[in-house]
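Note that ligands are numbered from 1 as they come in the structure, with each ligand's atoms numbered from 1 the same way. Just so you know, residue 1 is the first one in the sequence shown, and it goes up from there.
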Amino acid sequence: MILLHLMQLCVFFLLFLVVVTFFHQVQASNFGSFSRKQVGIYPTMNDGICASSVIVHGYKCQEIQVVTKDGYILSIQRIPEGRNEARNERTKKQPVILQHGVLVDGMTWLMNSPEQDLPLILADKGFDVWIANTRGTKHSRRHVSLDPSNPVFWNWSWDELVTYDLPAVFDYVYIQTGEKINYVGHSLGTLIALASFSERKLVNQLKSAALLSPIAYLSHMNTALGVIAAKSFVGEITTLIGLAEFNPKGLPLEAFLKAVCDNPGIDCYDLMTELTGKNCCLNSSTVDRFLMNEPQSTSTKNMVHLAQTVRHGVLAKFNYVRPDYNILHYGQVTPPIYNLSNIPHDLPLFISYGGQDALSDVRDVENLLDQLKLHDVDKRSVQFVKEYAHADYIMGFNAKDIVYNSVISFFNSQGNT
Ligand SMILES: *[C@@H]1O[C@H](CO)[C@@H](O)[C@H](O)[C@H]1NC(C)=O
Ligand SMILES: *[C@@H]1O[C@H](CO)[C@@H](O)[C@H](O)[C@H]1NC(C)=O
Ligand SMILES: *[C@@H]1O[C@H](CO)[C@@H](O)[C@H](O)[C@H]1NC(C)=O
């Protein structure tokens, strides 16, 4: 118990450090020049996720870049076939897009052995797998004209992931494959999907969606991360001061984390617990690998938007707080809501949530399910995993048996339309 409190204190302290430091950085960078860099050709990376985490396991993998309508260059990894597959050009494969959550990137799907990682399992089961990486993460830090050192590069929240990132990835995959797409989202990857569907975006290209650890309502979120989000980000971002990279890794956090983790009697398993709930099924070597790659950057504006979601209990667009700013952006005093009742009732949805999840709290998920109560019964499949917390869904050593097999059965049970 004492250890737990100590950890809580540590997490608070280091997150506080992060907040203080980045506000300093932002202020400093405001005086810098706004250099504009023209990028013409986007070379394929040899040090990307394919090379480090897919090809090493004997799978084919292709690094792809797509450009969003607002100019961000996103990297995607395509795993077109299973490990021991005899190539057959005639076989039509179902594409599946995997969308990670906030403060991590596509690599989080690849932290275990090939037999345990969702992308590789899907490839072996005959799917054409596409791993997305949202703007700001390690391999998606480019823009046609803005440099990440320019605060304007970070002028976005999850609204822009709905408006630009997801459509760019969906359009690309749809054009390349000519097939309707299955989607797997985790955490923020579920929020942006639900928000999109509520605006009837993507639905014409979608075959079915699996939402793991869904977040739509965050009122009961109960972690240090949630508390810091709600309390520290005051939600006022009306000037350039609020535009900045939120980089937990480049700041003292990383050194601090390392120091904390190296302490006798404290291992990083506790830290994961602190941040995501009591994960039942993480291998400690997996957690170590995770901490080597994550956390990843996002924008401060995105964190503020998430904080608004926590505090306001409604799913709405970014709130500029000042009524005149909201009118300027939306033509109304309060930001428009994403009304989840508008999600097409016949859209096949698989939802899995965990009883120990501190970020996707059971009560919030039940609120979400209530919003979806008019959904066609045979198009909605809900799974509750009592012992699972947030990270078990992507890195649990038994996630294949408990969750992924059900996802695959669900995808296969949805007839071709
Ligand atoms: C940030 O984005 C908003 C909304 O797209 C826009 O109105 C605003 O002018 C942008 N701010 C800067 C500094 O570019
Ligand atoms: C945990 O990781 C180690 C080292 O990678 C591996 O040998 C072991 O099989 C893993 N345990 C489980 C249950 O996956
Ligand atoms: C959401 O949409 C439903 C059905 O269109 C409507 O009855 C409900 O009032 C809407 N909710 C809000 C908060 O606007």
Side-chain angles (χ1 to χ4, degrees), residues 26 29-30 32-34 36 53 56-57 68-72 110-118 120-121 135 143 145-147 150-165 194-195 197-200 216-217 236-245 267-269 279-292 299-302 304-305 312-322 324-332 334-345 367-368 370-375 391-392 394-402 404:
V26 177
S29 62
N30 278 336
S33 65
F34 284 15
R36 291 198 161 234
S53 309
V56 286
H57 296 307
T68 66
K69 287 219 166 84
D70 61 345
Y72 290 83
L110 295 157
M111 293 288 162
N112 282 325
S113 73
E115 293 74 27
Q116 294 168 316
D117 290 337
L118 180 58
L120 306 179
I121 293 168
R135 59 181 64 188
H143 185 276
S145 63
L146 298 169
D147 192 87
N150 183 341
V152 178
F153 180 93
W154 301 99
N155 185 17
W156 52 270
S157 76
W158 57 261
D159 285 332
E160 279 70 28
L161 306 184
V162 170
T163 309
Y164 301 113
D165 278 30
L194 290 164
F197 304 158
S198 79
E199 295 194 321
R200 313 253 164 164
Y217 302 99
E236 308 226 18
I237 187 168
T238 52
T239 65
L240 209 54
I241 297 292
L243 298 183
E245 175 172 3
D267 67 35
C268 285
Y269 202 94
N279 296 287
C280 63
C281 304
L282 301 186
N283 196 334
S284 63
S285 63
T286 305
V287 175
D288 291 345
R289 208 167 311 133
F290 174 81
L291 290 173
M292 260 156 45
S299 71
T300 304
K301 192 174 178 179
N302 191 29
V304 172
H305 194 184
H312 299 163
V314 283
L315 208 55
K317 295 199 192 234
F318 183 80
N319 192 342
Y320 286 88
V321 182
R322 277 178 53 173
D324 54 337
Y325 278 61
N326 280 331
I327 286 175
L328 190 71
H329 284 96
Y330 308 120
Q332 56 190 70
T334 55
I337 65 158
Y338 292 102
N339 189 337
L340 298 186
S341 306
N342 294 336
I343 294 177
H345 294 170
N367 188 2
L368 166 65
D370 191 55
Q371 291 280 302
L372 301 173
K373 63 175 178 278
L374 296 177
H375 212 77
D392 290 317
I394 27 170
M395 298 184 285
F397 51 74
N398 55 2
K400 177 179 195 281
D401 294 332
I402 292 182
Y404 304 159

Novice: Heavy-atom contacts with H329 under 4.0 Å: which atoms of ligand 1 show up? List them by number with element.
Specialist: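 Close to H329: 3 (C), 4 (C), 6 (C), 7 (O).
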Novice: I'd like to check which ligand 2 atoms, numbered from 1 as shown, lie under 4.0 Å from a non-hydrogen atom of N283.
Specialist: 1 (C), 2 (O), 3 (C), 8 (C), 10 (C), 11 (N), 12 (C), 14 (O)
Novice: Between L194, L315, L340, which is the residue that forms a side-chain contact (heavy atoms from CB on, under 4.5 Å) with Q371?
Specialist: L340
Novice: Could you pull out the closest heavy-atom pair between K301 and W154, with the gap in Å?
Specialist: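 So the minimum-distance heavy-atom pair works out to CB-O, 4.2 Å.
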Novice: Verify whether one side chain among Y404 and D117 offers a donor that lies under 3.5 Å from an acceptor in the other.
Specialist: no
Novice: Which residues pass the side-chain hydrogen bond (donor to acceptor under 3.5 Å, both in side chains) test with D70, not counting sequence neighbours?
Specialist: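 Only T68, R135 meet the side-chain hydrogen bond (donor to acceptor under 3.5 Å, both in side chains) criterion with D70.
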Novice: Y320 to ligand 1: N or O pair under 3.5 Å?
Specialist: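 No.
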Novice: Quick check: closest heavy atoms across F318 and D159, and the distance to 0.1 Å?
Specialist: N-OD2, 2.7 Å
Novice: List, pair by pair, the atoms of ligand 3 and of the protein that are both N or O and lie under 3.5 Å apart, giving the separation rounded to 0.1 Å.
Specialist:
{"residue": "ligand 3", "atom": "2 (O)", "partner": "N339", "partner atom": "OD1", "Å": "3.4"}
{"residue": "ligand 3", "atom": "2 (O)", "partner": "N339", "partner atom": "ND2", "Å": "2.3"}
{"residue": "ligand 3", "atom": "11 (N)", "partner": "N339", "partner atom": "ND2", "Å": "2.9"}

Novice: Any atoms of ligand 1 less than 4.0 Å from a non-hydrogen atom of N155? List them with their elements.
Specialist: 1 (C), 2 (O), 3 (C), 8 (C), 10 (C), 11 (N), 12 (C), 14 (O)
Novice: Report the residues that fulfil side-chain hydrogen bond (donor to acceptor under 3.5 Å, both in side chains) with T286, sequence neighbours left out, ordered by chain and then residue number.
Specialist: N112
Novice: With a cutoff of 4.0 Å, is E160 in contact with ligand 1, counting heavy atoms of the residue only?
Specialist: no
Novice: With L110 as reference, evaluate L118, I394, L120 under the side-chain contact (heavy atoms from CB on, under 4.5 Å) test and give the passing residue.
Specialist: L120
Novice: Taking only heavy atoms of V152 into account, list the atoms of ligand 1 that are under 4.0 Å away from them.
Specialist: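 Matching atoms, with element in brackets: 14 (O).
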Novice: Looking at residues at least two apart in the chain, or sitting in another chain, which of them share a side-chain hydrogen bond (donor to acceptor under 3.5 Å, both in side chains) with D401?
Specialist: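 With neighbours one apart ignored, the set is empty.
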Novice: Looking at F153, is its backbone amide N or carbonyl O close enough to the side chain of Y72 to form a donor-acceptor pair, meaning the two atoms are under 3.5 Å apart?
Specialist: yes
